[in-house]
Amino acid sequence: MIEIFKNKPPKDHYISMKRYQNIEFKKKYSIKLIEDFFKEFPEERRGRKEFKKKEIQNIKHLLYEKIFEKGMKINADCVGLIKEKVDKEYIKINVSFFRKYE
């Protein structure tokens, strides 16, 4: 199981994997399709607020799934130093992978 730390994990338990530091995962998102749908059917908009936030959240879930797949592939024990950045078109997540200190 991979442990998650928003900041740097404790040094006495984990050591950094030098090759896998500050790896960037990036994905483009667009709400154009949703906006076009609501323009065509404005009555459907009622009760569906904050759809942009929900779309961003869905893309973040997909990116975190890729992060965990990468961690399992390289046999990392911990993911740390997580930094998320949301631009107008892109969502970027920088992470570092760590291994248990042995």
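No hydrogens, no waters, no symmetry mates; every other heavy atom, side chains included, goes into these values.
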Derivation and outcome, side chain to side chain contact (heavy atoms under 4.5 Å, CB included), residues N75 and R99: CA-CA 8 Å; N75 295 325; R99 191 170 280 215; 3.9 Å; yes

Under 3.5 Å, is there a donor-acceptor pair between the side chain of [X] and the main chain of [Y]?
{"X": "N7", "Y": "L81", "result": "no"}
{"X": "Q21", "Y": "F97", "result": "yes"}
{"X": "S16", "Y": "F98", "result": "no"}

In Å, rounded to the nearest 0.5 Å, how long is the span from [atom1] of [X] to [atom2] of [Y]?
{"X": "K8", "Y": "I82", "atom1": "NZ", "atom2": "CD1", "answer": "14.5 Å"}
{"X": "N94", "Y": "F25", "atom1": "CG", "atom2": "CZ", "answer": "9.5 Å"}
{"X": "K92", "Y": "K83", "atom1": "NZ", "atom2": "NZ", "answer": "14.0 Å"}
{"X": "N58", "Y": "L63", "atom1": "CG", "atom2": "CG", "answer": "11.5 Å"}
{"X": "I15", "Y": "K100", "atom1": "CD1", "atom2": "NZ", "answer": "14.0 Å"}
{"X": "E89", "Y": "K26", "atom1": "CD", "atom2": "NZ", "answer": "10.0 Å"}

Find out whether [X] and [Y] are in side-chain contact, i.e. whether some heavy atom of one side chain is under 4.5 Å from a heavy atom of the other.
{"X": "K85", "Y": "Y90", "value": "no"}
{"X": "I93", "Y": "I67", "value": "yes"}
{"X": "I2", "Y": "M72", "value": "yes"}
{"X": "C78", "Y": "F5", "value": "yes"}

Contacts of D36 that satisfy side-chain hydrogen bond (donor to acceptor under 3.5 Å, both in side chains) - sequence neighbours left out: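 In terms of side-chain hydrogen bond (donor to acceptor under 3.5 Å, both in side chains), with neighbours along the sequence ignored, D36 is linked to K32.
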
Ion pair K60/E84, N-O distance below 4.0 Å: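 Judged by the 4.0 Å cut-off on N to carboxylate O distance, K60 and E84 do form a salt bridge.
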
Distance-only side-chain donor-acceptor flag, Y64 / E69, under 3.5 Å: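 No pair is found: no donor N or O on one side chain lies under 3.5 Å from an acceptor on the other.
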
hydrophobic_cluster_shared for I4 and Y14, side chain cutoff 4.5 Å: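 No.
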
